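A short write-up of the structure that comes next.
Please read all numbers here as calculations on a predicted model, not as lab measurements.
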Amino acid sequence: MKIGWDVSGLKIEQAADELIRRTIAGVSDACALIEADAVEKCPEGDHEGADTVSLAQSIATRLDVNGAKVVGIVGTGLDYAVYVHEGTGIRSRTGMGRTHDLPWSYMDDAGQWHTTSGMAANPFLERAYDENLQKAREIVREAIRG
């Protein structure tokens, strides 16, 4: 008994291109899920001096496609985002915050002085990623399957 399959009409390049297109669509949709949740988890209003309304609005997705490798990145380019996410001073979750000269004072853009020992971490991006990772993987798998 013979078992065979005729693949002479199959265009490998076209199949690979379609797989990459589906992967891009899936990664984009998965990142959109994580991005929307990160915006929801982002602190609102004036959070100990940080303009976090702008922080939530700055959260975005970037896709990097290099051949058959597709990487989605959800994040923000705002300088102060790391301080909101990781915390500051003795309240930094990395332990890299200020541990001496506590508390310290600073002047905001409006000329008002504030005294602090640090800001608690609010890892909104990490929580959005962790809580949606399984669903994001399912989204990519389904997109690839078509």
Side-chain angles (χ1 to χ4, degrees), residues 5 7 9-146:
W5 192 265
V7 294
L10 183 63
K11 305 278 191 226
I12 299 298
E13 294 82 15
Q14 290 172 337
D17 288 346
E18 178 62 21
L19 182 58
I20 291 169
R21 278 192 294 278
R22 289 180 184 185
T23 302
I24 291 169
V27 171
S28 179
D29 290 347
C31 286
L33 171 73
I34 294 169
E35 179 183 325
D37 196 36
V39 169
E40 287 291 319
K41 292 178 180 342
C42 187
E44 294 179 15
D46 189 19
H47 187 71
E48 296 187 37
D51 180 4
T52 51
V53 172
S54 294
L55 178 57
Q57 293 169 346
S58 74
I59 297 170
T61 297
R62 184 181 87 222
L63 291 182
D64 290 338
V65 181
N66 184 1
K69 184 176 181 179
V70 180
V71 176
I73 301 164
V74 177
T76 172
L78 293 181
D79 293 341
Y80 66 84
V82 67
Y83 303 118
V84 174
H85 197 273
E86 298 300 313
T88 61
I90 60 173
R91 301 173 80 190
S92 166
R93 68 186 196 138
T94 64
M96 299 297 291
R98 181 186 295 225
T99 58
H100 59 286
D101 299 330
L102 295 174
W104 74 92
S105 298
Y106 66 95
M107 183 187 301
D108 65 20
D109 293 339
Q112 301 294 316
W113 281 94
H114 302 271
T115 300
T116 185
S117 292
M119 178 172 58
N122 185 338
F124 57 95
L125 287 167
E126 184 176 311
R127 286 194 329 266
Y129 174 83
D130 290 345
E131 293 172 15
N132 291 288
L133 181 58
Q134 189 59 38
K135 178 66 176 166
R137 287 179 174 158
E138 291 171 20
I139 289 170
V140 174
R141 275 194 292 269
E142 288 303 312
I144 291 171
R145 287 184 186 136

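Atom CG of N66 has 12 or fewer neighbouring heavy atoms from other residues, nucleotides or ligands inside a 6.0 Å radius. In the displayed structure, R137 atom CZ is contacted under 6.0 Å by at most 12 heavy atoms of other residues, nucleotides or ligands. D108 CG: more than 12 foreign heavy atoms inside a 6.0 Å radius. Counting heavy atoms of neighbouring residues, nucleotides and ligands inside a 6.0 Å radius, atom CZ of R62 does not exceed 12 of them.
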Please lay out, stage by stage, how F124 and L55 fare under the test side-chain contact (heavy atoms from CB on, under 4.5 Å).
CA-CA 11 Å; F124 57 95; L55 178 57; 3.8 Å; yes
Could you check R93 against E126 for salt bridge (charged side-chain N to carboxylate O under 4.0 Å, His left out), going step by step and ending with a plain yes or no?
CA-CA 13 Å; R93 68 186 196 138; E126 184 176 311; 2.4 Å; yes
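Taking all atoms of both residues into account, the shortest heavy-atom contact from L78 to S58 is CD1-OG, 3.4 Å. Closest approach of A56 and V39 over heavy atoms only: O-CG2, 3.7 Å. What you find for C42 and I59 is that their closest heavy atoms are CB-CD1, 4.2 Å. In this structure, V84 and P43 approach most closely via the heavy-atom pair CG1-CG, 3.7 Å. Contact between C31 and G72 at its shortest, heavy atoms only, is SG-CA, 3.5 Å. Counting all heavy atoms, side chain and backbone alike, D79 lies closest to V82 at O-CG1, 3.8 Å.
The shortest distance between side-chain heavy atoms of I73 and D64 falls below 4.5 Å. With a 4.5 Å cut-off on side-chain heavy atoms, I139 and L33 count as touching. Using a 4.5 Å heavy-atom threshold, the side chains of P103 and T115 count as touching. The closest side-chain heavy-atom distance from N122 to H85 is not below 4.5 Å. S28 places none of its side-chain heavy atoms less than 4.5 Å from the side chain of T61.
In summary, R91 and E86 do not engage in a salt bridge, as defined by a charged side-chain N under 4.0 Å from a carboxylate O.
A distance of 10.0 Å separates OH in Y80 from CE in M119, rounded to the nearest 0.5 Å. With rounding to the nearest 0.5 angstrom, the CG atom of L125 is 10.0 Å from the CD atom of E35.
Among residues at least two apart or in separate chains, there is no ring pair (Phe, Tyr, Trp, His ring centres under 6.0 Å) pair with a member in residues 54-79.
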Ignoring hydrogens and angles, write down the donor-acceptor pairs under 3.5 Å from the side chains of residues 128-135, residues two or more places apart or on other chains.
unit_1, atom_1, unit_2, atom_2, d
E131, OE1, K41, NZ, 2.9
N132, ND2, D37, OD2, 2.9
N132, ND2, A128, O, 2.8

